[in-house]
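Below: the structure, in structure tokens.
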Amino acid sequence: MLNVQGITYRIGGRLLLEDAGVAIPTGHRVGLVGRNGTGKSTLFRIILGELSPESGQVNTLRNARIGTVAQEAPGGEDSLIDVVLAGDVERAQLLADAEHETDAHAIADIQTRLADIGAHAAPARAAAILSGLGFSDETMQGPCSALSGGWRMRVALAAALFGQPDVLLLDEPTNYLDFEGTVWLTTFLKSYPSTVLMISHDRDVLNQVVDGIVHLENGRLTLYQGNYDSFDRQRREKQALNQKLRRKQEAQRAHMQAYVDRFRYKASKARQAQSRLKALARMEPIAEVIENRVTEFHFPNPEKELAPPLVAMDKAAVGYEPGKNILRNLTLRIDPDDRIALLGSNGNGKSTFAKLLIGKLAASQGSIVTAPRMSVGYFAQHQMDELADGRTPFDYITALMPEASVAERRARLGAAGFGATLADSTCSTLSGGEKARLLFLLATYHAPHVLILDEPTNHLDMDSRESLIMAINDYAGAVILIAHDKHIVETCADTLWIVDKGTVRVFDGDLEAYAEQVLSQRKAPVRREAEVAAPAEKRPVRTQKSLQKQLREIEEKMEALRGKIAVLDEALADHTIYSEEPKKAADFARLRTRLASDLDSVETVWLEMHEDTADA
């Protein structure tokens, strides 16, 4: 049970949470939704104990562990597997204790607890999580320092999932994932055994994973049963009912007030008039439902329609260095009315393909023919980091409209949701959603014939995402969409292109069929601890240095196992244990059998590794 009671919290004088409370039953998976800036992440920090509220408290079951994704992505020399394994704090502590413990009874207790929590299968489970999030076996054994920031955040997410806390808090967990990773995470969370509270604006994830929605609005928390679609329907029905009751109440108040005005000074009716005055005073007004509508997106249509095809590729190839193509054998065509979703794991070349289309990269082989006077608009999340901190939206629009008047520039900004205050605010003070809205304005200002959108929804709340979908569907040009959000892909794209194995191909199927294919490919086989540490047959060719390092690690593991077996042998050699503590003797015997089996597995891998060393 996670019980939030009467939380009130202010930041910078602004009231974010006011007497907010909600009770989430044990084992439930719940989505936390609300407009950007309403205080969802702040509530998470209060639950984690990082912030102290003015009033109220957060209660959980006794000894319940609350876990979340580390804010600072791991970046040291530890391998990905080791970082994820460290996410289970209890297992890590037990293993450390086992290394130094000499008392046979204490060792047995430690090993029994390790068996209870499935510690020996932990490396295989950690590998399965990393594989699901898109990491290869080779990468898992490498250091976190070799990864980019986005991939490091995936490792942090993997560690949080592996730790299996009693209450798991996830804040936009899909933001650093591709579509394939999102599909896997959705499936994983659907079977998560403990309580989950997740901030997300991904409608499909919320529909598939959660069984309840907590809505944060006007500082209050309201729990709705069901997934996001069910919540949306219930909320609208509640709003409609409130509006109906409000109109009925207003009519009732008007009728009573008219009676009072007519008879309050008439002696025979004065008592009734006074009672109606008291009833009016007691009548709590039903609040009017005020829709805080988002500013709608609008993408200007191309001024002149071009003859198809807009782009024609014939056996084209592209890369960043001569002789090292990232993508090859590209034989594709883009027409003016195309709506294409570009799918594929991060690192396969989606961004490379986008750069080829916008002209930042040239084809190294084959041919690419584009329509004369074709223009391309490009939106990508990384562009947010390229916005100059000291410049304002007004500065950017002035560069695009040098001949326009100040009023015309401000009108253009106003239509995009930038009023006078926001228009003159420096980019460093804008929120993620406001920066995204500015980038949309800049990308579409010249009414491009082709619009490439690379993860356009990451910083948008649910209502803004729906507005973006409407703008894309109203836009008359071609759209290339790179997104992990299944909802926007399904509602905006009619063709799927898959970036995989060094090329781009048309997928003959719908998004559901592709999601099933992804899941079947990412089902990691269950492997023993020794095999995860050094899978001999499926591992790519390794260097001599790498082999020697892994040999040393396996030899240390063999030595540790032999030491544990020796301690148990000594305890079992004392015949009094069988008469005085028969249960303990049986536990020791079972434990020795399991450790001997583990030692046999490790020794097998050690022999195979020696053969690899000889061949290297």
Side-chain angles (χ1 to χ4, degrees), residues 11-14 35-38 201 290-306 354 357-360 373-481:
I11 183 168
R14 176 187 169 209
R35 287 284 178 80
N36 284 344
T38 54
H201 293 121
I290 301 175
E291 286 285 352
N292 297 318
R293 295 187 61 84
V294 299
T295 303
E296 294 182 356
F297 289 100
H298 173 70
F299 301 152
N301 292 324
E303 295 181 1
K304 183 178 180 180
E305 186 175 338
L306 301 180
L357 289 177
I358 64 177
K360 284 192 173 182
R373 297 179 299 279
M374 184 192 78
S375 60
V376 180
Y378 180 51
F379 171 97
Q381 287 296 324
H382 68 81
Q383 293 173 329
M384 291 189 181
D385 298 328
E386 298 171 6
L387 290 172
D389 288 346
R391 299 187 70 184
T392 67
F394 187 78
D395 294 333
Y396 279 103
I397 203 68
T398 298
L400 291 174
M401 305 173 63
E403 305 299 327
S405 66
V406 171
E408 290 171 330
R409 295 169 188 163
R410 292 201 178 277
R412 188 64 180 264
L413 285 168
F418 291 90
T421 302
L422 272 183
D424 295 326
S425 300
T426 59
C427 290
S428 61
T429 65
L430 299 180
S431 68
E434 289 160 353
K435 288 181 180 179
R437 192 173 287 277
L438 175 59
L439 289 175
F440 281 124
L441 173 62
L442 301 179
T444 62
Y445 176 80
H446 293 292
H449 299 92
V450 180
L451 185 55
I452 302 173
L453 302 176
D454 189 348
E455 295 294 356
T457 62
N458 273 5
H459 294 277
L460 302 182
D461 57 33
M462 202 73 74
D463 293 331
S464 295
R465 291 184 182 207
E466 293 301 322
S467 177
L468 176 63
I469 288 171
M470 293 179 64
I472 292 173
N473 288 333
D474 289 342
Y475 172 66
V479 175
I480 309 293
L481 183 63

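- Shown here are the salt bridge (charged side-chain N to carboxylate O under 4.0 Å, His left out) partners of R465, two or more places apart in sequence or in another chain: D485.
- Distance check: T392 OG1 to L413 CG gives 8.5 Å after rounding to the nearest 0.5 Å.
- Of all heavy-atom pairs spanning A423 and P393, the tightest one is O-CD, 3.4 Å.
- Considering OH of Y378 and CG of L453, their distance stands at 10.0 Å, rounded to 0.5 Å.
- For L422 against G417, the heavy-atom pair with the smallest separation is CD1-O, 3.8 Å.
- Counting all heavy atoms, side chain and backbone alike, P448 lies closest to P302 at O-CG, 3.2 Å.
- Atoms OG1 and CG, on T444 and L439 in that order, are 10.5 Å from each other to the nearest 0.5 Å.
- Side-chain atoms of E455 never come within 3.5 Å of backbone atoms of Q381 as a donor-acceptor pair (strictly under, hydrogens ignored).
- With a 6.0 Å radius and a threshold of 12 heavy atoms from other residues, nucleotides or ligands, M470 has its CE atom at or below the threshold.
- Here OG of S467 is found 10.0 Å from CG of D461. Values are rounded to the nearest 0.5 Å.
- At least one side-chain heavy atom of L357 sits under 4.5 Å from a side-chain heavy atom of I452.
- Residue pairs satisfying the ring pair (Phe, Tyr, Trp, His ring centres under 6.0 Å) criterion with at least one member in residues 411-466, sequence neighbours excluded, are listed as follows: F297-F440, F299-F440, F379-F440.
- Contact record, P456 with L481: CG-CD1, 3.9 Å, taken as the closest heavy-atom pair.
- Applying the salt bridge (Lys or Arg N to Asp or Glu O under 4.0 Å) definition to pairs two or more places apart or across chains, those involving residues 397-411 are R410-D424.
- Evaluation of the salt bridge (Lys or Arg N to Asp or Glu O under 4.0 Å) test over residues 373-400, restricted to residues two or more places apart or in two chains, returns none.
- Between A476 and N301, the closest heavy-atom pair is N-OD1, 2.7 Å.
- Judged by distance alone, the side chain of S431 and the main-chain N or O of E434 form a donor-acceptor pair under 3.5 Å.
- Side-chain contact between S464 and N36: absent, with no pair of heavy atoms (C-beta onward) separated by less than 4.5 Å.
- For E466, the side-chain hydrogen bond (donor to acceptor under 3.5 Å, both in side chains) test picks out R203, H487, with sequence neighbours left out.
- Here I358 contributes atom CD1 and I480 contributes atom CD1; the two are 12.0 Å apart, rounded to the nearest 0.5 Å.
- Rounded to the nearest 0.5 Å, atoms CG (L441) and CD1 (I397) are 4.5 Å apart.
- Among residues at least two apart or in separate chains, there is no ring pair (Phe, Tyr, Trp, His ring centres under 6.0 Å) pair with a member in residues 387-416.
- The shortest non-hydrogen separation linking L430 to S425 is CD2-CB, 4.2 Å.
- Using a 4.5 Å cut-off on side-chain heavy atoms (C-beta onward), L460 and H201 make no contact.
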